[in-house]
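Report on the structure given below.
Throughout, protein chains are lettered first and strands after them, A, B, ... in sequence-line order, and every chain is numbered starting at 1.
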Amino acid sequence: EAQVTQNPRYLITVTGKKLTVTCSQNMNHEYMSWYRQDPGLGLRQIYYSMNVEVTDKGDVPEGYKVSRKEKRNFPLILESPSPNQTSLYFCASSTVAGGAPDTQYFGPGTRLTVL
Amino acid sequence: AQTVTQSQPEMSVQEAETVTLSCTYDTSESDYYLFWYKQPPSRQMILVIRQEAYKQQNATENRFSVNFQKAAKSFSLKISDSQLGDAAMYFCAYRRNAGGTSYGKLTFGQGTILTVHP
């Protein structure tokens, strides 16, 4: 089954404790992206990757890191989480058509709470 | 910078009726894509329909169609014969389609919650 998986699905942590949210896709997609969803603000893109070893900032990259060492994986790293990073996080992937990402497939989301 | 605005936080419709969700955007680009995504309570994000800016014909997918007004920078979604399963949050999104590295960037609106009454 074609899918994007995220782990963990739910996480409660404390301020300053480094964490990683994993994202994996089995569709051989070149493009992957991370979003956060907050009430009243919709979805905002954090980082995206057009292919292995190619990453770029979205609209809200501060406080986050990513890496793309393999095509299927795109982990999101919070080096020192803060309460304002409490949010619902989505990973997405797509093929690249004509040099740009095509229809995106989203993971199930990760609910993160930072105390 | 591109912005996407959904001015209707909530909408409701009777089953079998038609509803239109509004979206406006601001960009200086001429080549871009617009999308409508559906997010049901399960939180999955499902692509409903997409429109390429250089195509004048409005996109249609079964009961879903768009009214794309490029000059007005408006991209509304019409749902015909509404069904209970259409109840969800709907997001409008924009992506540029030419040049540079920022064509990987997707900008979403704030979302519209659609309620369908039986």
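Residue contact with chain B, scored on non-hydrogen atoms closer than 4.5 Å, involves the side chain of A/Tyr35 exclusively. With a 4.5 Å cut-off on non-hydrogen atoms, A/Leu43 touches chain B through its backbone and its side chain both. With a 4.5 angstrom heavy-atom cutoff, B/Gln6 does not touch chain A via any of its atoms. Using a 4.5 Å cut-off between heavy atoms, A/Phe90 touches chain B through its side chain atoms alone. Heavy atoms closer than 4.5 Å to chain B are found in the side chain of A/Gln37, but not in its backbone.
Clustering ILVMFWY residues whenever any of their side-chain heavy atoms sit less than 4.5 angstrom apart, transitively, puts B/Phe64 in the very cluster that holds B/Leu21. The hydrophobic clustering, which links ILVMFWY residues whose side-chain heavy atoms are closer than 4.5 Å, places B/Val66 and B/Tyr33 apart. At a threshold of 4.5 Å between side-chain heavy atoms, the hydrophobic network of Ile, Leu, Val, Met, Phe, Trp and Tyr places A/Tyr10 and A/Val21 in two separate groups. Residues B/Phe91 and B/Leu47 share a single hydrophobic cluster, defined by chaining ILVMFWY side chains whose heavy atoms lie under 4.5 Å apart.
Of the listed residues (A/Ser49, A/Gly109, A/Gly107, A/Ser33), the greatest number of heavy-atom pairs within a distance under 4.5 Å of chain B belongs to A/Gly107.
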Begin with the C-alpha distance, continue with both residues' side-chain angles, and end with the deciding distance and a verdict on side-chain contact (heavy atoms from CB on, under 4.5 Å) for A/Gln104 and B/Leu106. CA-CA 10 Å; A/Gln104 294 193 53; B/Leu106 200 70; 3.0 Å; yes
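Within residues 107-118 of chain B, the residues approaching chain A closer than 4.5 Å by heavy atoms are, in numerical order, B/Thr107, B/Phe108, B/Gly109, B/Gln110.
Other residues, nucleotides and ligands place more than 12 heavy atoms under 6.0 Å from the NZ atom of B/Lys73. For A/Glu53, the CD atom is densely surrounded, since the number of other residues' heavy atoms within 6.0 Å is greater than 12. By the neighbour-count criterion of 12 heavy atoms within 6.0 Å, atom CG of A/Asn84 is densely surrounded, having more than that number from other residues, nucleotides or ligands. At most 12 heavy atoms of other shown residues, nucleotides or ligands fall within 6.0 angstrom of atom OH in A/Tyr105. With a 6.0 Å radius and a threshold of 12 heavy atoms from other residues, nucleotides or ligands, A/Ile12 has its CD1 atom at or below the threshold. Heavy-atom contacts from other residues, nucleotides or ligands closer than 6.0 Å to NZ of A/Lys57 number 12 or fewer.
A salt bridge links A/Asp59 to B/Lys105: one of the charged nitrogens lies within less than 4.0 Å of a carboxylate oxygen.
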